[in-house]
Every structure is written in C-alpha cells, then in structure tokens.
K.L.:
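Please see the structure below; I have some questions.
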Amino acid sequence: KPGPSLRYIGSKNGEAFLYDWIANPQSFRSSSRMPRFFSLHNHLPDSQADEEAAKFEPIELLGIVHYLKHYSQSYEYLQWDADVTADAARGKIAFQERGCLACHSHHDETLAGIEQFRNPDEFLQGPDLSELGAKFTGVADARKWLYSWIKEPTRYHARTVMPDLFIDAEVLTAADGSQTKVDPALDIVEFLLSDTG
C-alpha cells in the first residue's frame, strides 16, 4: 500500500491540516501521490450546477476528519534523554550524513543540490520533507511523534519502508576536552520542524 497506516493519525496531524490535506493533498505538497477526491466537478453535465455538489463537500470533509480523529488509537512515544538538547544546525548535518536524502527531498538551498544528480524520472520512496513544520501546526506532541518515527518507524507503521537507522545518543568531545551529549535523531527533528514555510 502506498499510503501509511492511519491507526494513530490523531497523534500526528491536527484537524485543520487533515481537512486541507483531504480536500486537496497537492495544496500542501504538489508532489503528493495521494489523489484528489474533492472539488472535481468537471464530470457533471453542463445542465447541472457545480454548486449543488460543492455545497456538501465541507460537511463530507468534516465528517472524514471527525471519523479519523475519533477512531485514532493512542500512541506511545519514545522519549529522548533528559540531558540532551536539540539543535537545528546539527540536525541539518545529521540529515545529510545519515542518508535521509537517499529517499527524501528538501528545499533547503544547501540540500536541494542533490536534485541535480538525480534522474528527473526517478521515483523517490519517501516524501519531500520541505516545510514539514507546517504539517504539524497545532499538534502538541509533534516533536515526540517525529522523534519516535525517526528512531523506530515500525513502531508507528509496521509495514513501513522507512528503515530503522539505529540512531543513538552520543557524546561529542570538543577541542578543549569538554563533552556534550547529543541525540542526532532529536537534532533532525529540530531541523525538520523549524522549517514552517
């Protein structure tokens, strides 16, 4: 199945995002593979007013959103160590070094250069991660969700093709001998969520 499991969708997306996404997936991400089902009235005969069909769509969309949120199961997040802090600049480096660009695109000017080495017809397995922070607007546990996803993708979706990258916390030693504990997964989260478009 090309789409992810919706079992825990309530922990991932807010109602406003879900409404807009279902109404027109390409409005957030033009490269989305999710098909558009709403506001497509060109199949109606000219004698029928599109307004008649269109006026019920907001109610249908709200019904789908309510259904998804109501039946969403609770999700048990992974937790990062209390003595690490997130850093978007480190996260951008980790995003490159951990191989995320093998399956994903990102519009950051220093990351977008990878596109010149890709075949224009190449099918990327993962979605474009540009402006990902906007996708999580209104989601209280966005950091926890994204961290858990990066650390252990099968925890959220058992059949996902996203690999477990085995990213663990590590200790960095500076030139002066001082040490800092970092978690590259948390840094990647900070980098991705900082891009709100």
K.L.:
So that I can tick it off, tell me whether K151 and D168 are bridged by a salt bridge, with the cut-off set at under 4.0 angstrom between side-chain N and carboxylate O.
P.N.:
yes

K.L.:
Using the six-membered ring wherever Trp is involved, compare the ring planes of F95 and F191 and label them parallel, tilted or perpendicular (cut-offs 30° and 60°).
P.N.:
tilted

K.L.:
Is a side-chain N or O of T160 found less than 3.5 angstrom from the main chain of H157, in a donor-acceptor match?
P.N.:
no

K.L.:
Looking at R29 and E131, is any side-chain nitrogen of the basic one under 4.0 Å from a carboxylate oxygen of the acidic one?
P.N.:
no

K.L.:
Within the side chain of D141, is there an N or O that forms a donor-acceptor pair under 3.5 Å with the backbone of K144?
P.N.:
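It does not hold such a pair.
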
K.L.:
What's the verdict on side chain to side chain contact (heavy atoms under 4.5 Å, CB included) for L193 and R143, showing C-alpha distance, side-chain angles and the deciding distance?
P.N.:
CA-CA 8 Å; L193 291 183; R143 276 183 175 69; 3.5 Å; yes

K.L.:
Exactly one of T196, L192, V189 should register a side-chain contact (heavy atoms from CB on, under 4.5 Å) with L132. Which one does?
P.N.:
L192

K.L.:
Residues two or more places apart in sequence or in another chain: which of them pass side-chain contact (heavy atoms from CB on, under 4.5 Å) with S178?
P.N.:
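Scan of S178 (side-chain contact (heavy atoms from CB on, under 4.5 Å), adjacent residues dropped) gives A174, D176.
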
K.L.:
For atom CZ of R7, is the number of surrounding heavy atoms from other residues, nucleotides or ligands below 6.0 Å larger than 12?
P.N.:
no

K.L.:
Would you say the side chain of K12 lies within less than 4.5 Å of the side chain of V139, judging by non-hydrogen atoms?
P.N.:
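A side-chain contact is absent here, since even the closest heavy-atom pair is not under 4.5 Å.
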
K.L.:
For the residue pair Y8 and Y75, categorise the inter-ring angle as parallel (less than 30°), tilted (30 to 60°) or perpendicular (more than 60°).
P.N.:
tilted

K.L.:
Can you tell me if CD on E15 sees more than 12 non-hydrogen neighbours from other groups inside 6.0 Å?
P.N.:
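Not more than 12 within 6.0 Å, no.
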
K.L.:
Does the structure place the NZ or CZ of K135 under 6.0 Å from the centre of the six-membered ring of W21, at an angle of no more than 45° from the ring's axis?
P.N.:
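K135 over W21 ring: yes.
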
K.L.:
Which atom names give the shortest non-hydrogen contact between I22 and M34, and what distance separates them?
P.N.:
CA-CE, 4.4 Å

K.L.:
Is a side-chain donor-acceptor pair under 3.5 Å present for D195 with H107?
P.N.:
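The criterion, which ignores hydrogens and geometry beyond distance, is satisfied for D195 and H107.
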
K.L.:
For Q79, I'd like to know if atom CD has over 12 heavy atoms of other residues, nucleotides or ligands within 6.0 Å.
P.N.:
yes

K.L.:
Please determine whether ring-ring contact (aromatic ring centres under 6.0 Å, His included) holds for the pair F17 and F136, giving the CA-CA distance in whole Å, both sets of side-chain angles, and the decisive distance to 0.1 Å.
P.N.:
CA-CA 8 Å; F17 177 83; F136 287 97; 8.0 Å; no

